[in-house]
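Both ligands and their constituent atoms are indexed starting at 1 by order of listing. Values below: all heavy atoms of this structure, side chains included; hydrogens, waters and symmetry mates excluded. In this text the structure is predicted, and so the values were computed from the model without any measurement.
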Amino acid sequence: MNDEPRESCGLFGIFGDPEAVQKTYFGLYSLQHRGQESAGIASSNGEFIQCYSGMGTVGRVFRSGSGLLENLANPMAIGHVRYSTAGSSIPINNQPLLSEYSHGQVAVAHNGNLVNAALLRDEYEAYGSIFKSTSDTEIIIHLLAKPTHLANFDPLAHVLNHLQGAYCLLFLFADRIEAARDPYGIRPLCIGRTEKGAYIVASETCGLDAVAAEFVREVEPGEIVTLDKNGLSSRFFVSPGSVTPAHCIFEHIYFAKQNSTIFGENVHEFRKKLGRRLAIEHPADADTVIPVPDSGTSAAIGYAQQSKLPFEMGLVRSHYVGRTFISPDQKLRELDVKLKLAVVKEAVRGKRIVVVDDSIVRGTTTRGKIRELRAAGAKEIHMRVSCPPLRFPCFYGVDFPTKEELLANNRNLEQIREFLEVDSIGYMSLDGLLSCAAMLKDNYCTACWTGEYRIPVDVAVNKFTMEHYQTRMFDDIE
Ligand code: SF4
């Protein structure tokens, strides 16, 4: 519900289209669910890169009549929407990050989290490097600019081998776009092509749909694809197949848009499968099934189909408020959710209802909604959740609260049921979840349920790790 985990970012890039900037704008619009704190576009005319970014949603930053898109108009562009997972929600951390180094200009856009960011930054600062942001992305530019790295046969591939963690990256150089995905393929990244043959890279296929482009394929884990005047070319910075992927299965459960296909599978279909499996694992003696929209809707449809119960919209979401994590502050998020999810009294009054949600994080606002459903006259409330209880934080680009704040931390099922004030509770099993996925179970990251992190994390790397640098920056100013 409102205490949803928050995604880090969405990426979109396009080469060789006279309307590249306009299309980037539409692509980012469709990826807005991946981040609403800031938006930015960098474009190049082949010789010179321009960049503009601002705080807020895409529509707000590039508001109509501002002339910003017209000023940026160029045949190649990359864009970014952001939710901060490493580095604070402040303008200096907006992306794309545009910099100039000995080989010219480069703009970088990043989705994910580097687990060795603090270590690398300390190392560079010790040798005198100056950072202008508190985001982990800036470190990549420093790595790229280092003379010993530039002397390498393939500097970008060399640099990527220094990074640890989750990353999908877009680099806009004056004459080309390079897109890279980490060797574990944690976050999704796909390639598309417009009718006129311009190549696109986007976090999700919904970005391709938004500009009527066709899906070509996913960027492979450990792959760099280059979009330039010769079309599309590919190379690998780790041997293909040498690393077992760890795709974030939470993308399928919650983050990605229903009309997207990620990790080889449509998100809506996947969630319906989860719902059907959930109904088998945790049936309920009830009158109707209601979803927590929007991310719980597909699973609720599956649950209703499997259990042969009617599907009802007992909660409706206002789409004019933006996603609940529009504000990183808990108090504002709670207000947000009140505005956002309203109870349809007529749909729940006097009924025994099954409420299907995709996940429960802190649980406090879920409980608030349960109370509202009860006040609206629901006779019994049976909570069903289409993933297992979240018990561990994510270090790979999702802003979960601390372990202590997670509802399922140190609570058994009965204690969770009591906390939420529901008549029964049922969580999807991990085996059940993985049985719904298209790939072998080893191909997914499940660390937020198991605590088994495929990429070792030495220190707790989250947005607050990088905020240490921000505090220091501001202390220094004082
Ligand atoms: S820990 Fe959870 S949210 Fe983070 S990458 Fe793994 S599956 Fe995704």
Tell me whether the rings of [X] and [Y] are parallel (<30°), tilted (30 to 60°) or perpendicular (>60°).
X      : Y      : answer
Phe250 : Phe255 : tilted
Tyr453 : Phe392 : perpendicular
Tyr25  : Tyr29  : perpendicular

Report yes or no: does Cys248 have an N/O/S atom closer than 2.8 Å to atom 6 (Fe) of ligand 1? no
Enumerate the atoms of ligand 1 whose separation from the nearest heavy atom of [X] is less than 4.0 angstrom.
X      : result
Ala447 : 1 (S)
Phe250 : 3 (S), 8 (Fe)
Tyr396 : 5 (S)
Val398 : 3 (S)

Go through the side-chain N and O atoms of [X] and [Y] and say whether any donor and acceptor fall under 3.5 Å apart.
X      : Y      : value
Gln95  : Thr137 : yes
Asn94  : Arg82  : no
Glu138 : Ser135 : no

Heavy-atom proximity to atom 1 (S) of ligand 1, best of Cys448, Gly112, Ala166, Gly451: Cys448
For [atom], find the nearest protein heavy atom and state the residue, atom name and distance (0.1 Å precision).
atom                    : value
atom 4 (Fe) of ligand 1 : Cys394 SG, 2.3 Å
atom 5 (S) of ligand 1  : Arg187 NH2, 3.4 Å
atom 6 (Fe) of ligand 1 : Cys445 SG, 2.3 Å

With heavy atoms under 4.0 Å as the rule, classify the contact between Glu452 and ligand 1 as side chain, backbone, both or neither. neither
For the residue pair Arg176 and Phe173, would you count it as a cation-pi contact if the rule is NZ or CZ under 6.0 angstrom from the ring centre and within 45 degrees of the ring axis? yes
